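Single-structure report; data block below.
Side chains included, hydrogens not; waters and symmetry mates left out as well; all remaining heavy atoms used. Since we're looking at a predicted model, the values are computed, not measured.
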Amino acid sequence: MATNLLVTGSHGGDDPHVESKHDALMHAAMLGRGGYILKTRNWTMKPTAKDANNITIPAWDLVVEGRQIYIAAPTDVNIQSGSQGQKRRDLIVARYALNSGTGVETVTLEAIKGKPSAATPADPGIETGSIIGGAIVSDLPLCRVNLDGITITSIDTLVNVMQPLEDVWDSLTQRSTTWRVPYSNDSISLTRVGDICFAGGNVKFNQRGENNYIQARETIPVGYRPAKRRTFPSPCSAATPRSSSTASIRAV
């Protein structure tokens, strides 16, 4: 297999050139290198105690370092019984494993037993190696099971939900916002104007007739310490700045 190759493209013939690691790298670049619950099936569900020895993990869709994990149905994971007079923390993880001989990759749900303690139990150790970095075993913690004696007192979900673009799109593409000028009764409407002044935007003072400014600069009054300026820059070229009693502004 070539060391430099086009992944998203046909090589002709039956060349099986696309591997799972290629897709995983692309997903990790877009979603992040952490582990997350995808906001698809059962993402609002939490792990529950079926009984004193079994924890039910929901039918989640997960991703860890770009590798998708599909839990087809709610799955019970067995934990060992607690001990009278002792507290314990167990972790349930999604364990990624690569068979370096065959190249086969698997994920299993595993319970990792914590060390009992009469006072302050701690989480057990897990496999923390990076899959992208070459680790052949890596654990994604899903939940912590807290035991007091033989009783499960609580279950903490440890993996976060990945918010899809449709949920964060407004914050990423906000067209306008209002900023009040310190030490003034003025406020400024900052509005993006197409591709012309995407970063700086359009600046409008609500108590003045001026508009189409691309920069607003606040000057801290004399006597205030430490003296400093806050600047809202723009990549657009600017003409000679105009000034007001509280801020200097630069026209498009």
Next item on the list: Would you mind telling me which of Val77, Ile112, Val107 makes a side-chain contact (heavy atoms from CB on, under 4.5 Å) with Val93?
Entry: Ile112
Next item on the list: Determine yes or no for a side-chain-to-main-chain donor-acceptor pair under 3.5 angstrom, with Asp61 supplying the side chain and Tyr70 the backbone.
Entry: no
Check: Do Lys113 and Ile79 have side chains that get closer than 4.5 Å, going by heavy atoms?
Finding: no
Next item on the list: Answer yes or no: is there a donor N or O on one side and an acceptor on the other, between the side chain of Asp51 and the main chain of Asn54, under 3.5 Å?
Entry: yes
Note to self: Taking the side chain as everything from C-beta on, heavy atoms only, tell me whether Lys46 gets closer than 4.5 Å to Ile155.
What the structure shows: no
Next item on the list: Find the distance between CG (Asp76) and CG (Asn53) and round it off to the nearest 0.5 Å.
Entry: 11.5 Å
Next item on the list: Quick one: closest heavy-atom pair of Gln80 and Arg88, and the distance?
Entry: O-NH2, 2.7 Å
Checklist line | same_hphob_cluster(Ile69, Ile131) at 4.5 Å side-chain heavy-atom cutoff | finding: yes
Next item on the list: Tell me, yes or no, whether the heavy-atom count around Lys39 atom NZ, taken from other residues, nucleotides or ligands under 6.0 Å, exceeds 12.
Entry: yes
Note to self: Minimum heavy-atom separation for Trp60 and Val159, please, with both atom names.
What the structure shows: CZ3-CG1, 4.1 Å
Item checked: Closest contact, heavy atoms only, Ala111 versus Asn78 -> CB-O, 3.3 Å
Checklist line | Met162 vs Leu31, side chain to side chain contact (heavy atoms under 4.5 Å, CB included): CA-CA, chis, key distance, verdict | finding: CA-CA 8 Å; Met162 167 66 70; Leu31 301 177; 4.1 Å; yes
Margin query: Can you give me the closest heavy-atom contact between Gly35 and Leu140, atom names plus distance?
Written below: CA-CD1, 3.7 Å
Next item on the list: First locate atom NZ of Lys50, then atom OG1 of Thr56, and finally report the distance between them rounded to the nearest 0.5 Å.
Entry: 6.0 Å
Check: Looking only at heavy atoms, what is the nearest atom pair of Ser138 and Thr128, with distance?
Finding: OG-C, 4.5 Å
Note to self: Pair Leu109, Leu142 - check side chain to side chain contact (heavy atoms under 4.5 Å, CB included), show working.
What the structure shows: CA-CA 9 Å; Leu109 300 181; Leu142 301 181; 3.8 Å; yes
Checklist line | Shortest non-hydrogen separation from Ile55 to Pro47 and the atoms involved | finding: CG2-CB, 4.3 Å
Margin query: Strictly distance-based, threshold 3.5 Å: is any side-chain N or O of Thr75 a donor or acceptor partner for the main-chain N or O of Ala73?
Written below: yes
Notebook entry, point to check: Sub-3.5 Å donor-acceptor pair from the side chain of Asn42 to the main-chain atoms of Met45, do we have one?
Noted result: no
Notebook entry, point to check: Hey, any chance Tyr36 and Tyr96 share a hydrophobic cluster, counting ILVMFWY side chains that come within less than 4.5 Å of each other, even indirectly?
Noted result: no
Next item on the list: Is it possible for you to say whether Leu62 and Val64 belong to one hydrophobic cluster, with membership spreading through side-chain heavy-atom contacts below 4.5 Å?
Entry: yes
Checklist line | Straight-line distance of Asp90 CG to Asp123 CG, nearest 0.5 Å | finding: 9.5 Å
Next item on the list: May I ask you to decide if Ile71's main-chain N or O and Arg41's side chain share a donor-acceptor pair within less than 3.5 Å?
Entry: yes
Notebook entry, point to check: Between atom CZ of Arg95 and atom OG1 of Thr108, what is the distance when rounded to the nearest 0.5 Å?
Noted result: 6.5 Å
Note to self: If I take atom CG from residue Leu147 and atom OG1 from residue Thr153, how far apart are they, to the nearest 0.5 angstrom?
What the structure shows: 7.0 Å
Check: In Å and rounded to the nearest 0.5 Å, what is the CD to CH2 distance from Gln163 to Trp43?
Finding: 6.5 Å
Check: Under 3.5 Å, side chain of Asp139 to main-chain N/O of Pro141, donor-acceptor pair present?
Finding: no
